[in-house]
Peer 1: 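The structure that follows is given in the form of structure tokens.
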Amino acid sequence: MSYIITDECIACGVCAEECPVEAISEGEDKYVIDPELCTDCGACADVCPVDAPQPGE
Ligand code: SF4
Ligand code: SF4
């Protein structure tokens, strides 16, 4: 299970600094989460100003 970053992302980069496993990186239009690394901790969602990271299905 992995969090995913929705299109609401404004590419501020705050979540990438908070992720304990460095699963978040800058993508083309927004930041993206590597599902192989994400541990589903929710730290990115807690700091995101626009609530873009959401629990995956
Ligand atoms: Fe990183 Fe946790 Fe967000 Fe997954 S849920 S991307 S491990 S901060
Ligand atoms: Fe995008 Fe939210 Fe991460 Fe900022 S904190 S880069 S808006 S997902």
Side-chain angles (χ1 to χ4, degrees):
M1 199 69 116
S2 160
Y3 268 59
I4 50 144
I5 293 177
T6 67
D7 290 345
E8 300 299 306
C9 176
I10 56 172
C12 71
V14 172
C15 59
E17 292 171 22
E18 289 298 318
C19 179
V21 295
E22 296 183 12
I24 308 176
S25 59
E26 192 171 5
E28 270 184 44
D29 301 319
K30 57 176 185 157
Y31 274 61
V32 292
I33 295 172
D34 183 342
E36 298 289 320
L37 296 176
C38 178
T39 58
D40 226 22
C41 74
C44 50
D46 287 345
V47 297
C48 180
V50 295
D51 219 20
Q54 298 288 332
E57 294 299 312

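Just so you know, residue 1 is the first one in the sequence shown, and it goes up from there. Below, each value reflects all heavy atoms present in this structure, side chains not excepted, and no hydrogens, waters or symmetry copies. Ligands are counted one by one from 1 in listed order, and the atoms in each one are counted from 1 as well.
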Peer 1: Against heavy atoms of Val21, which atoms of ligand 1 measure under 4.0 Å?
Peer 2: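 This gives 7 (S) as the contact atoms.
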Peer 1: Of all the heavy-atom pairs spanning Ala16 and Tyr31, show the shortest one and how long it is.
Peer 2: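 Taking every non-hydrogen atom into account, CB-CE2, 3.9 Å.
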Peer 1: Starting from atom 1 (Fe) of ligand 1, what is the nearest protein heavy atom, named by residue and atom, and what distance separates them?
Peer 2: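 Of the protein heavy atoms, Cys19 SG, 2.3 Å lies nearest.
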Peer 1: Return the residue, atom name and 0.1 Å-rounded distance of the protein heavy atom closest to atom 2 (Fe) of ligand 1.
Peer 2: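 Minimum-distance protein heavy atom for atom 2 (Fe) of ligand 1 reads Cys41 SG, 2.3 Å.
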Peer 1: Quick one: pull up CD in Gln54 and CD1 in Ile5 and give me the separation to the nearest 0.5 Å.
Peer 2: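 Taking CD in Gln54 and CD1 in Ile5, the distance rounds to 10.5 Å.
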Peer 1: In the protein, what heavy atom is nearest to atom 7 (S) of ligand 1, and what distance, to one decimal place, separates them?
Peer 2: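 Answer for atom 7 (S) of ligand 1: Thr39 N, 3.3 Å.
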Peer 1: Just verifying a value: how many Å separate Asp51 CG and Cys44 SG, rounded to the nearest 0.5 Å?
Peer 2: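 SG of Cys44 is found 10.0 Å from CG of Asp51.
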Peer 1: If you have a sec, work out which protein heavy atom is nearest atom 5 (S) of ligand 1 and how many Å separate them, to one decimal?
Peer 2: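 That would be Gly42 N, 3.1 Å.
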Peer 1: If you take all heavy atoms of Cys12 and Pro49, which pair is closest and at what distance?
Peer 2: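 Heavy atoms only, the tightest pair is SG-CD, 4.0 Å.
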Peer 1: Can you sort out the partners of Asp29 under salt bridge (Lys or Arg N to Asp or Glu O under 4.0 Å), two or more places apart, ordered by chain and number?
Peer 2: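 Asp29 satisfies salt bridge (Lys or Arg N to Asp or Glu O under 4.0 Å) with no other residue.
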Peer 1: Give the residue and atom name of whichever protein heavy atom lies nearest to atom 4 (Fe) of ligand 1, and the separation in Å to one decimal.
Peer 2: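 Protein heavy atom with the smallest distance to atom 4 (Fe) of ligand 1: Cys38 SG, 2.3 Å.
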Peer 1: Quick one: which ligand 1 atoms are inside 4.0 Å of a heavy atom on Ile33?
Peer 2: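 Reading through ligand 1 atom by atom, the close ones are 6 (S).
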Peer 1: Distances under 2.8 Å only: what protein N/O/S atoms are near atom 2 (Fe) of ligand 2, ordered by chain and residue?
Peer 2: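 Listed by chain and number, the atoms are Cys48 SG.
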Peer 1: For ligand 1, does Leu37 get within less than 4.0 Å through its side chain, its backbone, both, or neither, judged by non-hydrogen atoms?
Peer 2: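 None of Leu37 does.
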Peer 1: Nearest 0.5 Å please: distance from the OG atom of Ser2 over to the CG atom of Asp34.
Peer 2: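 Ser2 OG to Asp34 CG: 7.5 Å, rounded to 0.5 Å.
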Peer 1: Give the atom numbers and elements of ligand 1 that come within less than 4.0 Å of a heavy atom of Ile24.
Peer 2: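 This gives 6 (S) as the contact atoms.
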Peer 1: Could you go step by step and tell me if Leu37 and Glu22 meet the side-chain contact (heavy atoms from CB on, under 4.5 Å) rule?
Peer 2: CA-CA 8 Å; Leu37 296 176; Glu22 296 183 12; 5.9 Å; no
Peer 1: At less than 4.0 angstrom from any non-hydrogen atom of Gly13, what atoms of ligand 2 do you find?
Peer 2: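 Heavy-atom distances to Gly13 below 4.0 Å select 4 (Fe), 6 (S).
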Peer 1: For Asp7, I'd like to know if atom CG has over 12 heavy atoms of other residues, nucleotides or ligands within 6.0 Å.
Peer 2: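 Counting neighbours around CG of Asp7, 12 or fewer heavy atoms of other residues, nucleotides or ligands fall under 6.0 Å, so no.
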Peer 1: Go through it in stages, so that I can follow the logic: the residues are Cys9 and Val50, the test is side-chain contact (heavy atoms from CB on, under 4.5 Å), and I'd like the CA-CA distance, side-chain angles, deciding distance and then a yes or no.
Peer 2: CA-CA 7 Å; Cys9 176; Val50 295; 5.5 Å; no
Peer 1: First locate atom CD1 of Ile24, then atom SG of Cys15, and finally report the distance between them rounded to the nearest 0.5 Å.
Peer 2: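 Going from the CD1 atom of Ile24 to the SG atom of Cys15 covers 4.0 Å.
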